[in-house]
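In what follows, chains are A, B, ... by sequence order, proteins preceding strands, each numbered from 1.
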Amino acid sequence: MKSHKQILKNSSDVIQTDGKIDRRAFFRKTGAISAIAAASVVAPSVLQASQDDPNIMHHPQWGQIWGDPVSENLYGLPSAYEHNNTRRYTKLLASGNYRAAIAVTPIHESEGIITPNGLFFSRSHGGTAHIDPNKWRLMINGLVEKPIVLTLEQLKRYPRVTRTHFIECPANGGQEWRRPQYNSLQFAKGFMSCAEWTGVYIKTILKDLGLKPTAKWMLAEGSDNSEMGRSVPVEKVLDDAMLVWGQNGEALRPEQGYPVRLLLPGWEGNLCVKWVKRLEFSDEPWYAKEETSKYTALKPNGKAVQHFYANEVNSTVVIPSPEKPWTSIKEGDEVEIEGLAWSGMGTITRVDLSFDGGNNYVKANLKGLILPKCWTRWSYMYTIPKGFKNKDGKQIILTSRAMDDAGFVQPSVDQEIFGYGVAKEDYGKDKDKGMGVESVYHRNAIESWEVSENGEVNHVQIRTI
Amino acid sequence: MFKLELYKTLAATLLATTMLTGIAQAQESDTAAYNGLWNAKKDISGGVHYPFKDGKTGPYVLNPQVYEDSDISKGKDGLKKGFNNGRLATSNELQAWDKDIRPDGIGLPEGSGYVDEGEALYEAKCMSCHGDFGSGGGGYPALAAGKAKEIKRMLKNNRWLNPTAEGPTRVIGSYWPYASTLFWYIRDAMPHPKSKVLSNDETYSLVAYMLYINNMKVKGEIVNETFKLDREKFLQIEMPNKNGFIPYIDGSDGIENIRTFFQNAQNFGGIRLAKGEEPCMQNCQQTDNIVRLNGGITDFEPAMSVERNLPQKVEAVSFDPKAAYDNNCAMCHETGVAPPAGNKVKWTPYLKKGLAAVLQSAINGTENGMPPKGGSSLSDDEFKQVVEFMVK
């Protein structure tokens, strides 16, 4: 593939020539140069109040010389200036050689409700498999009248459907049950992404096969080296479960299971088996590796929720966030606070916003498309107070709280841990109430950003313990 | 003030309209709407079920030639047409791929293996990652942590009242409900660098070794070095934490148990408002205690940045085999599992076959725990330089 390098080379030339010209012109005009002014030449995005902006007064190179011919970049790449907008990973969330690991989505840079394919979070249990689509086969067997095998071309003959859904790893936020750990939106909430998927409802295929009435469970198995398997109730399969091959208008990326993955709208990402090769129907559930010590939620009474399906209602403030602070914003500025809300249990109906970490709320506004089991954008217009302080003199703590059409509302940190409606004096007394702090999975409590006096944004939690 | 209010009203109307057009087919369409589908049929996970009805599901329009107006809850699958794609699977194909193993023994093959055989296999093929006696570390899961029954008790060690107390330990012996998973997973997914290479007998011996390092018993019999595991004994294994899971998913009531479990939001830390109930808007919390980051986790790759600049040009630095060795190979080659760099004595037996053969063998990976190219993404040339550095 040509030519990230090519572009980089060219565009760095641009900067060099550009910078030189600018600086010379600048000297001529002002006659003197202070350290701050010199810095402003290097950081061209700052507009100086008192002088003409060199970026306007001089032709940039891109405005004078040829750009690339159309024969360049036949598969387009982002601008070289966007190189920091990438997935990221950390050792903490990886096996020694990064094959059973996760790379997470920079949601602080997300626009709208679609995650570009190259930024969609990537989680695997044995590395990203690279499958030859001509050799890929799907087998459907077990409690069906007619067990079949299909090629990719044959699978794609079924009438297709296109749906926009998020996929979320159930461990999203799961390192922060006991305290905040990441001063980062990307790592605190980026184990999820949202895309438009194209494929076929599995029920459409089953029409051919004749599902036997005794079938209660489906095993989905991947063809990667870990042969990731999960048990799914047939009820979900006959509802909205899909086999998908299209992602945002093109083939799935290898990281998302090319050529075909299972999509169970709203349900945990681990259940949406990638590189899928086999569906088997049975009367009893399986006990696959991801249904034992992983992907089960341990409660304070020592029992674990074994099958935990839907990702519950959730939300976060995106702008500002630790990565996108308010350091260049000042008192009196009119700003938009923007965020995301999502629920695997239905459609987002409302988001409230708090400036004191979840004690008092105002209603925020939903905007754009509002779809079931899909990222939903919300927004609130706000005038920046002095020193980023509330009226009581305390720093602003931004917290959002979403609701869905099933009637679920995000819990506070305490409520999720100790149970809803439990008085503080009774925390920890009833071990059957609350999720405790050892679950690892399915954490959907409200998330808080504290804004410091200089506009920095830091991740905090409001909690009794 | 007035402007803001107006804006809000507009947004609210917009929302209400979307809701109405979007999900009007649900049983209940309450315009106030934040929990407007409260009475709608729930799916098994406790979420809203969007039926296929009136040519739509949720906000999505359906092709009426394919889908009927129907409802799977009433046993109507909603499909008009059948198709005839693919072909019948042959019995050999089914045998090749249908290899899952269930707790009731369906799929468990005949065969047998001894603990001591398992131990030898483990040391050759598994220990480089999972450590001595399954101790884990370095991002690789522990496979044992002492006496399974005692470790199991730690599952109640919830740090909700004391964040610095000792937490639970989740390993095979203390946590897994059934041994079938162990056989199935080891045979089809391990060793991690190249799976599906173990025979059924080898897998029996490795499972036996797993029981051994977890200090388990099978039907009262202590699993010691001379213990032999076969199909019959395997089916008698009772995992200590068999009853540690909710809801109970097995048997004819399994599905309904799950449905009932997820109907109650308290079971999974959720809050479901009563119909029409407003969420708390004022004085909602019982605490204003702020827990801030305490250093936190910051080793992000690549380092966090939101700058819009050009990537720094990486100078064409000459390749450093020592650094590459430290990053990619030392985790095994300096920890006693494999010959360390510069140790002539340890390398001599390997080099008998000639350097070219050693290199080839390391590129392909070996049966005894050397992953292909050490699991690294070094180029052939770089890898060769590292190997030359090691055997020097």
Check your understanding: Quick check: does any side chain N or O of Asn85(B) sit under 3.5 Å from a backbone N or O of Leu155(A), one acting as donor and the other as acceptor?
Key -> no

Practice item. Examine whether an atom of Tyr248(B) lies under 4.5 Å from a heavy atom of chain A, and if so say whether it belongs to the side chain, the backbone or both; otherwise answer neither. Key: neither

**Study point:** Part of Leu94(B) lying under 4.5 Å from any heavy atom of chain A
**Key:** both

Review point. Do any N or O atoms from the side chain of Asn97(A) and from the backbone of Gly375(B) form a donor-acceptor pair under 3.5 angstrom?
Key: no

**Study point:** Part of Gln175(A) within contact of chain B (heavy atom distance under 4.5 Å)
**Key:** neither

Practice item. Taking Gln285(B) for its side chain and Gly357(A) for its backbone only, find out whether a donor-acceptor pair lies under 3.5 Å. Key: yes

Check your understanding: Under a 4.5 Å heavy-atom cutoff, which of Leu206(A), Val313(A), Leu150(A), Leu92(A) has the most pairs with chain B?
Key -> Leu150(A)

Review point. Taking the side chain from Asn84(A) and the backbone from Glu307(B), do they hold a donor-acceptor pair closer than 3.5 Å?
Key: yes

Exercise for review: May I ask you to name which of Ser354(A), Gly302(A), Ser293(A) has the most heavy-atom pairs under 4.5 Å with chain B?
Suggested key: Ser293(A)

**Study point:** Closest non-hydrogen atom pair, Trp184(B) against Ala288(A)
**Key:** CZ3-CA, 3.8 Å

Exercise for review: Measure the shortest side-chain to side-chain distance between Phe418(A) and Leu161(B) over non-hydrogen atoms and say whether it is less than 4.5 angstrom.
Suggested key: yes

Check your understanding: Under 3.5 Å, is there a donor-acceptor pair linking the side chains of Arg170(B) and Thr296(A)?
Key -> no

**Study point:** Under 4.5 Å from any heavy atom of chain A - which part of Tyr175(B)
**Key:** side chain

Study note, to complete from the structure: Residue set satisfying side chain to side chain donor-acceptor pair (under 3.5 Å) with Arg153(B), at least two apart, ordered chain then number -> none

**Study point:** Closest approach of Tyr185(B) to Ser226(A) (non-hydrogen atoms, all atoms of both residues)
**Key:** CE1-O, 4.4 Å

Review point. Does atom NZ of Lys196(B) have more than 12 heavy-atom neighbours from other groups under 6.0 Å away?
Key: yes

Review point. Stepwise, does the salt bridge (Lys or Arg N to Asp or Glu O under 4.0 Å) test hold for Asp299(B) with Arg88(A)?
Key: CA-CA 10 Å; Asp299(B) 60 339; Arg88(A) 287 184 170 79; over 6 Å; no

Practice item. Check the pair Glu312(A), Arg272(B) against salt bridge (Lys or Arg N to Asp or Glu O under 4.0 Å), reporting the backbone distance first and the verdict last. Key: CA-CA 11 Å; Glu312(A) 303 101 298; Arg272(B) 190 159 176 245; over 6 Å; no

Practice item. I would like to know whether Arg259(B) and Glu235(A) meet salt bridge (Lys or Arg N to Asp or Glu O under 4.0 Å); could you show each step before the answer? Key: CA-CA 11 Å; Arg259(B) 193 189 316 285; Glu235(A) 183 173 321; 2.7 Å; yes

Practice item. Please confirm whether the backbone N or O of Asn267(B) pairs with a side-chain atom of Lys299(A), one donor and one acceptor, at under 3.5 Å? Key: yes

Review point. Between Glu227(A) and Arg187(B), is there a salt bridge with N-O shorter than 4.0 Å?
Key: no

Review point. When rounded to the nearest 0.5 angstrom, what distance separates CG in Asp240(A) from CG in Asp43(B)?
Key: 7.5 Å

Review point. Quick check: does any side chain N or O of His192(B) sit under 3.5 Å from a backbone N or O of His125(A), one acting as donor and the other as acceptor?
Key: yes

Check your understanding: When you measure from the centre of the six-membered ring of Phe83(B), is the NZ or CZ of Arg157(A) under 6.0 Å away and within 45° of the axis?
Key -> no

**Study point:** Heavy-atom pair with the smallest gap, counting every atom of Ala80(A) and Leu310(B)
**Key:** CB-CD2, 3.7 Å

**Study point:** Within 45° cone and under 6.0 Å: Lys277(A) NZ/CZ vs Trp97(B) ring
**Key:** yes

Check your understanding: Between Lys91(A) and Phe300(B), is NZ or CZ placed under 6.0 angstrom from the six-membered ring centre and within 45° of the ring axis?
Key -> no

Practice item. Between chain B and each of Lys431(A), Gln306(A), Met435(A), Glu109(A), count heavy-atom pairs under 4.5 Å; write down the option with the most. Key: Gln306(A)

Review point. Taking Lys303(A) for the side chain and Asn243(B) for the main chain, is one N or O donor matched with an acceptor at less than 3.5 Å?
Key: yes

Point to revise | Test item: Asp100(B) and Arg278(A) side chains (from C-beta on) under 4.5 Å apart, heavy atoms | key: yes

Point to revise | Main-chain N/O of Tyr420(A) paired to Gln266(B) side chain as donor or acceptor, under 3.5 Å | key: yes

Exercise for review: Working to the nearest 0.5 Å, report the span between OH of Tyr201(A) and OG1 of Thr57(B).
Suggested key: 5.5 Å

Review point. Does Ile249(B) offer a backbone N or O that forms a donor-acceptor pair with the side chain of His307(A) under 3.5 Å?
Key: no

Review point. For Cys284(B), what residues pass the disulfide bond (SG atoms under 2.5 Å apart) criterion, not counting sequence neighbours?
Key: Cys280(B)

**Study point:** Verdict with reasoning, Ile271(B) to Gln415(A), per side-chain contact (heavy atoms from CB on, under 4.5 Å)
**Key:** CA-CA 9 Å; Ile271(B) 302 177; Gln415(A) 283 169 335; 3.3 Å; yes

Check your understanding: Run the side-chain hydrogen bond (donor to acceptor under 3.5 Å, both in side chains) check on His83(A) and Asn309(B) step by step: do they pass?
Key -> CA-CA 8 Å; His83(A) 71 101; Asn309(B) 56 10; 2.8 Å; yes

Exercise for review: Can you tell which part of Glu93(B) gets under 4.5 Å to a heavy atom of chain A, answering side chain, backbone, both or neither?
Suggested key: both

Practice item. Over all heavy atoms of both residues, which pair between Asn158(B) and Gly436(A) is shortest? Give the atoms and the distance, please. Key: OD1-CA, 3.5 Å

Review point. Should Ile290(B) and Gln461(A) be marked as a side-chain contact (heavy atoms from CB on, under 4.5 Å) after you check the CA-CA gap, both sets of side-chain angles, and the distance that decides it?
Key: CA-CA 6 Å; Ile290(B) 305 173; Gln461(A) 288 178 357; over 6 Å; no

Check your understanding: So what's closer than 4.5 Å to chain A heavy atoms on Tyr178(B): side chain, backbone, both or neither?
Key -> side chain

Study note, to complete from the structure: Nearest heavy-atom contact between Ser184(A) and Met304(B) is OG-CE, 3.7 Å

Check your understanding: Going by distance alone, is a donor N or O of one side chain under 3.5 Å from an acceptor N or O of the other, for Asp250(B) and Tyr287(A)?
Key -> yes

Point to revise | Check ion pair Arg102(B)-Glu284(A) (N to O, under 4.0 angstrom) | key: no

Point to revise | Any donor-acceptor pair under 3.5 Å from Ser95(A) side chain to Tyr140(B) backbone | key: no

Check your understanding: Could you give the distance from CG (Asn301(A)) to NZ (Lys156(B)), rounded to the nearest 0.5 Å?
Key -> 7.5 Å

Review point. Among Lys373(A), Met139(A), Lys367(A), which residue forms the greatest number of heavy-atom pairs with chain B at distances under 4.5 Å?
Key: Met139(A)

Check your understanding: With a 3.5 Å cut-off and no angle check, do the side chains of Tyr50(B) and Asp405(A) form a donor-acceptor pair?
Key -> yes

Practice item. Measure across Glu438(A) and Asn157(B) and return the closest heavy-atom pair with its distance rounded to 0.1 Å. Key: OE2-O, 3.7 Å

Point to revise | Region of Leu62(B) that comes under 4.5 Å of a non-hydrogen atom in chain A | key: side chain

Exercise for review: Please lay out, stage by stage, how Lys146(A) and Asn84(B) fare under the test side-chain contact (heavy atoms from CB on, under 4.5 Å).
Suggested key: CA-CA 11 Å; Lys146(A) 198 177 111 185; Asn84(B) 205 15; 2.9 Å; yes

Check your understanding: Taking side chain as C-beta onward, heavy atoms only, is Pro163(B) less than 4.5 Å from Arg179(A)?
Key -> no

Exercise for review: Quick one: do Lys203(A) and Phe52(B) satisfy side-chain contact (heavy atoms from CB on, under 4.5 Å)? Show the steps, please.
Suggested key: CA-CA 12 Å; Lys203(A) 59 184 166 191; Phe52(B) 280 55; 3.0 Å; yes

